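Single-structure report; data block below.
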Amino acid sequence: PTTSAFVFPNGDRYTGEWEGEKLHGKGEFLYANGTKYEGEFLQNMKNGFGTMTCTNGARYEGEWVANFRHGYGTHTFPNGDRYIGNWADDKEHGRGVLEYASGGRIVGRWLHGTLEEA
């Protein structure tokens, strides 16, 4: 792969590895709205390990498949709460822990983003 930077017409910016004309390998994508993804890409999609940091303070660090949070990861919400566990198709799915900023926690099993069993 080659490494270079590119600014898209909408103001998004990418700096990293390319394969042909596709984002492929390690890179950093800075959206025009200030959201930033730093990690791995495969054929123009977030794929592999990466970190997405949003301007509202939300942050996800973990595995991605085809632009979706998928696999194991940690999502920190703007209020400081965080979910640590399994993801599928961009939703909490499987075993996980929801830790509240206030100190409480729930250990359970999620199904498509909904707590099914604590």
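Both backbone and side-chain heavy atoms feed into the values below; hydrogens, waters and symmetry mates do not. Remember, predicted model here, so these are calculated numbers, not experimental data.
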Can we call the ring centroids of [X] and [Y] under 6.0 Å apart?
| X | Y | answer |
| --- | --- | --- |
| Trp18 | Phe41 | no |
| Tyr60 | Trp87 | yes |
| Phe77 | Tyr100 | no |

Evaluation steps, side chain to side chain contact (heavy atoms under 4.5 Å, CB included), between Arg95 and Val107: CA-CA 8 Å; Arg95 304 295 303 166; Val107 177; 4.2 Å; yes
How many angstroms lie between [atom1] in [X] and [atom2] in [Y], if you round to the nearest 0.5 Å?
| X | Y | atom1 | atom2 | value |
| --- | --- | --- | --- | --- |
| Thr15 | Lys26 | OG1 | NZ | 15.5 Å |
| Tyr37 | Cys54 | OH | SG | 13.0 Å |
| Thr76 | Tyr83 | OG1 | OH | 13.0 Å |
| Leu111 | Glu92 | CG | CD | 11.5 Å |

Minimum heavy-atom distance Asn33-Thr55, with the two atoms named: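 Scanning both residues, the minimum pair turns out to be O-CG2, 3.1 Å.
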Atom of Ala118, atom of Ile106 and distance for their closest heavy-atom approach: CB-CG2, 4.0 Å
Check: [Y] main-chain N/O paired with [X] side-chain donor or acceptor under 3.5 Å:
| X | Y | result |
| --- | --- | --- |
| Asp81 | Ala101 | yes |
| Trp64 | His70 | no |
| Asn86 | His93 | no |
| Asn56 | Pro78 | no |
| Glu40 | Phe49 | yes |
| Asn44 | Leu23 | yes |

Glu116, CD atom: more than 12 neighbouring heavy atoms under 6.0 Å: yes
Pair Met52-Lys36, side chain to side chain contact (heavy atoms under 4.5 Å, CB included): steps then yes or no: CA-CA 6 Å; Met52 173 85 78; Lys36 179 172 83 169; over 6 Å; no
Aromatic plane relationship, Tyr14 with Phe29 - under 30° parallel, 30 to 60° tilted, over 60° perpendicular: tilted
Derivation of the side-chain hydrogen bond (donor to acceptor under 3.5 Å, both in side chains) call for Arg82 and His75: CA-CA 5 Å; Arg82 66 184 189 157; His75 178 88; over 6 Å; no
Criterion side chain to side chain contact (heavy atoms under 4.5 Å, CB included) on Leu98 and Trp110, from CA distance to verdict: CA-CA 10 Å; Leu98 180 60; Trp110 276 255; 4.0 Å; yes
Identified side-chain contact (heavy atoms from CB on, under 4.5 Å) partner of His24 from the options Met45, Glu19, Glu17: Glu19
Residues Ile84, Tyr72; criterion side chain to side chain contact (heavy atoms under 4.5 Å, CB included); working and verdict: CA-CA 8 Å; Ile84 304 159; Tyr72 188 83; 3.1 Å; yes
